[in-house]
Q: 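This is the structure I want to talk about, given as structure tokens.
Heads up: numbering here begins at 1 and tracks the sequence. For the numbers below, each heavy atom of this structure counts, side chains included, while hydrogens, waters and symmetry mates do not. Note that ligands are numbered from 1 as they come in the structure, with each ligand's atoms numbered from 1 the same way.
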Amino acid sequence: MERGGAAVEEAIQLADRVNRISVSPTMAVMAAAEQLKAKGVDVADFGAGEPDFPTPEHIKRAAIKALEENRTKYTATPGIAPLRQAICDWHAAQLGSSYQPSECIVNVGGKHAIFNAICSLVNGGDEVVIPAPYWVSYPDIVKYAGGKPVIVETREQDGFALQAADLERAITSKTRVVIVNSPSNPAGAVIPNAEFEKILGVCQKKGVWLLSDECYSHFTYGDAKPFSIASVPGSKSRLIIAGSCSKTFAMTGWRIGYVLAPAPLIGAIGKLQSQSTSNPTSIAQYAALEALRGPMEGVGAMLAEYARRRERIVAGLRSIPGITCTAPQGAFYVFPNVSKHYRGDMQGDTAVAKGLLDKAHVAVVPGEAFGAPGYIRMSYATSMDRIEEGLRRLERFFSEGK
Ligand SMILES: Cc1ncc(COP(=O)(O)O)c(C=O)c1O
């Protein structure tokens with residue numbers, strides 16, 4: 001008797017809220033790359049959305065100490081009091097904001113922070129404006145909450161940074177939230193400070209919430225510097241900051257993120273959290289406390305290494321005929337345009353990504369996954385050796401058929 005997964009799934013009537021969303025397309029690419037690797041194939045993997053560095057020693061030691069001290073019980077739902085204070089202090093010192101612990105909640109990663117904020121604010125039919133290229137989870141989180149994602153295109157010549165004028169045109173009477181992500185995944189776009197203030201002004205004028213995802217705040221290059229819109233006087237009343245320890249401190253597996261927002265919204269998120277995850281893992285909270293209170297030198301060292309790799313990968317990609325590549329201003333991704341290389345049955349960036357994986361054993365994520373056809377995302381959170389090897393393979397792949 002055939003009891004295949006698909007047949008069983010068909011028989012189960014799932015809730016609409018789950019049927020509205022899909023599994024992250026970046027996961028699908030990673031899975032295909034993993035399958036090849038499991039067969040022993042040497043894959044040059046540019047798919048990873050996480051730092052390749054280990055969590056710094058002093059942070060790991062804080063977690064070990066927490067274990068030894070038996071800090072293994074439930075904590076308060078919004079996180080331990082010293083961590084909420086440390087998040088406010090760190091954000092004030094690093095990014096110039098002024099939040100109190102009552103305006104802060106600790107979540108199970110930045111994704112959970114965004115999920116909880118959207119679920120606490122968005123009603124069925126509400127619109128949420130999302131600039132493209134976007135991080136894959138935003139539209140699905142909005143759809144899960146019953147809202148409608150409204151996508152605003154950004155331009156390659158603007159470095160994919162959202163312009164306030166484009167945002168203003170997209171806002172309707174149904175708009176509830178605008179999501180911005182600077183530096184961005186996938187394009188490394190950084191919104192210039194003055195433009196960011198204009199975006200805030202548009203949101204305030206229209207009475208909509210601005211959700212700023214700061215998960216890559218400390219990875220900026222050249223003239224771009226870490227910046228939070230929360231540092232602007234008068235910004236806080238309809239502003240939500242979503243932050244994370246994942247990228248800044250190489251702590252993706254620990255699952256610690258946070259929201260900074262007006263206290264009533266924090267209360268609502270706490271209520272939602274109290275009926276779902278409860279507190280984030282106690283031990284991870286103590287590790288995050290050390291991350292935020294301890295030395296920041298490790299972050300600078302990671303940034304310096306990302307900067308070196310960024311130079312190399314941008315130069316390498318630009319030297320391949322037919323490829324254009326804006327220099328990312330932040331995060332650890334490049335987002336080259338590969339559309340000039342469509343040929344034969346390789347039409348579209350998904351086909352390019354598939355061809356790259358199958359024929360050149362290079363793993364990248366197609367731009368379509370981020371609402372930006374024509375591009376591929378490559379993470380340079382990988383060693384310089386792998387970058388060199390990957391560039392050689394890309395050059396060979398794209399010069400075939402010319
Ligand atoms: C733009 C962006 N926001 C938020 C996150 C969430 O990260 P985490 O849930 O690990 O904090 C990610 C992770 O890839 C991201 O790229």
Side-chain angles (χ1 to χ4, degrees), residues 23-30 46-53 55 59 79 83 87 90-91 105-119 128 130-142 149 154 160-162 177-191 210-220 226 228 240-260 269 273 276-277 280-281 284-285 287-288 291-292 299 306 328-335 365 367 369-372 377-382:
V23 175
S24 160
T26 52
M27 298 289 183
V29 177
M30 307 257 293
F46 296 96
E50 63 180 336
D52 55 319
F53 303 106
T55 304
I59 299 175
L83 179 56
I87 291 168
W90 182 86
H91 206 271
I105 182 165
V106 189
N107 315 99
V108 185
K111 186 184 281 186
H112 188 223
I114 296 161
F115 183 91
N116 280 355
I118 293 290
C119 286
V128 176
I130 300 171
Y134 47 72
W135 180 45
V136 290
S137 290
Y138 299 143
D140 280 286
I141 290 174
V142 170
T154 61
F160 300 101
L162 176 67
V177 184
V178 172
I179 303 180
V180 290
N181 173 217
S182 174
S184 84
N185 174 7
V190 171
I191 302 171
L210 178 61
L211 193 168
S212 181
D213 176 354
E214 296 184 346
C215 134
Y216 295 96
S217 63
H218 279 60
F219 299 136
T220 54
S228 175
I240 306 157
I241 300 295
S244 172
C245 289
S246 285
K247 320 284 172 160
T248 314
F249 301 104
M251 290 178 70
T252 46
W254 299 78
R255 312 309 303 133
I256 296 291
Y258 56 86
V259 175
L260 297 167
I269 292 172
Q273 195 155 298
S276 48
T277 57
T281 305
Q285 289 191 61
L292 296 167
V299 181
Y306 288 141
Q329 299 303 295
F332 42 65
Y333 309 102
V334 275
F335 204 55
V365 185
F370 310 99
R377 187 194 78 173
M378 297 176 65
S379 160
Y380 48 90
T382 185

Q: Should Lys111 be counted as touching ligand 1, given the test is an N or O pair under 3.5 Å?
A: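 The answer is yes, given that Lys111 and ligand 1 share an N or O pair closer than 3.5 Å.
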
Q: Under 4.0 Å from a heavy atom of Tyr138: which atoms of ligand 1 are those, numbered in the order shown and with their elements?
A: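 Ligand 1 atoms under the 4.0 Å threshold to Tyr138: 1 (C).
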
Q: Show which atoms of ligand 1 fall inside a sub-4.0 Å distance from at least one heavy-atom site of Ser244.
A: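 This gives 8 (P), 11 (O) as the contact atoms.
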
Q: Apply side-chain hydrogen bond (donor to acceptor under 3.5 Å, both in side chains) to Glu214 and Ser228, showing your working.
A: CA-CA 8 Å; Glu214 296 184 346; Ser228 175; 2.5 Å; yes

Q: Answer yes or no: does an N/O atom from Ser246 fall short of 3.5 Å to an N/O atom of ligand 1?
A: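 Ser246 vs ligand 1: N/O contact under 3.5 Å present.
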
Q: Would you mind listing which atoms of ligand 1 come within a distance below 4.0 Å of any non-hydrogen atom of Gly110?
A: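 Selected atoms, number and element: 8 (P), 9 (O), 11 (O).
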
Q: Give the atoms of ligand 1, by number and element, whose distance to some non-hydrogen atom of Gly109 is under 4.0 Å.
A: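 Answer, ordered by atom number: 9 (O), 11 (O).
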
Q: Could you identify the single nearest non-hydrogen protein atom to atom 13 (C) of ligand 1 and state the distance to 0.1 Å?
A: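 In this structure, atom 13 (C) of ligand 1 has Lys247 NZ, 2.9 Å as its nearest protein heavy atom.
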
Q: Indicate yes or no: at least one non-hydrogen side-chain atom of Ile191 is less than 4.5 angstrom from one of Val180.
A: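 Ile191 vs Val180: side chains touch.
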
Q: Less than 4.5 Å apart, side chain to side chain, heavy atoms only: is that true for Arg255 and Ser246?
A: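 Yes, their side chains come closer than 4.5 Å.
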
Q: Could you walk me through whether Tyr333 and Phe46 pass the ring-ring contact (aromatic ring centres under 6.0 Å, His included) check?
A: CA-CA 9 Å; Tyr333 309 102; Phe46 296 96; over 10 Å; no

Q: What orientation do Phe219 and Tyr306 show, parallel under 30°, tilted 30 to 60°, or perpendicular over 60°?
A: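 Phe219 vs Tyr306 ring planes: perpendicular.
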
Q: Taking side chain as C-beta onward, heavy atoms only, is Met378 less than 4.5 Å from Phe335?
A: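 With C-beta onward as the side chain, the pair stays apart.
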
Q: In the structure I gave you, are the side-chain heavy atoms of Asn185 and Tyr134 within less than 4.5 Å of one another anywhere?
A: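 Heavy-atom side-chain distance check fails, nothing below 4.5 Å.
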
Q: For atom 15 (C) of ligand 1, what is the nearest protein heavy atom, given as residue, atom name and distance?
A: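 That would be Trp135 CE2, 3.4 Å.
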
Q: Considering only heavy atoms of Arg255, which atoms of ligand 1 have at least one such atom less than 4.0 Å away?
A: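 Going through ligand 1 atom by atom, the ones under 4.0 Å from Arg255 are 8 (P), 9 (O), 10 (O).
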
Q: Taking atom types as modelled and ignoring hydrogens, do the side chains of Trp254 and Thr55 form a donor-acceptor contact shorter than 3.5 angstrom?
A: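 Judged by distance alone, the side chains do pair up.
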
Q: Going by heavy atoms, is Cys215 under 4.0 Å from ligand 1?
A: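 Within the 4.0 Å threshold, so yes.
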
Q: Should one rank Asp213, Val136, Val108, Asn181 by closest heavy-atom distance to atom 2 (C) of ligand 1, which comes out on top?
A: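 It is Asp213 that holds the nearest heavy atom.
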
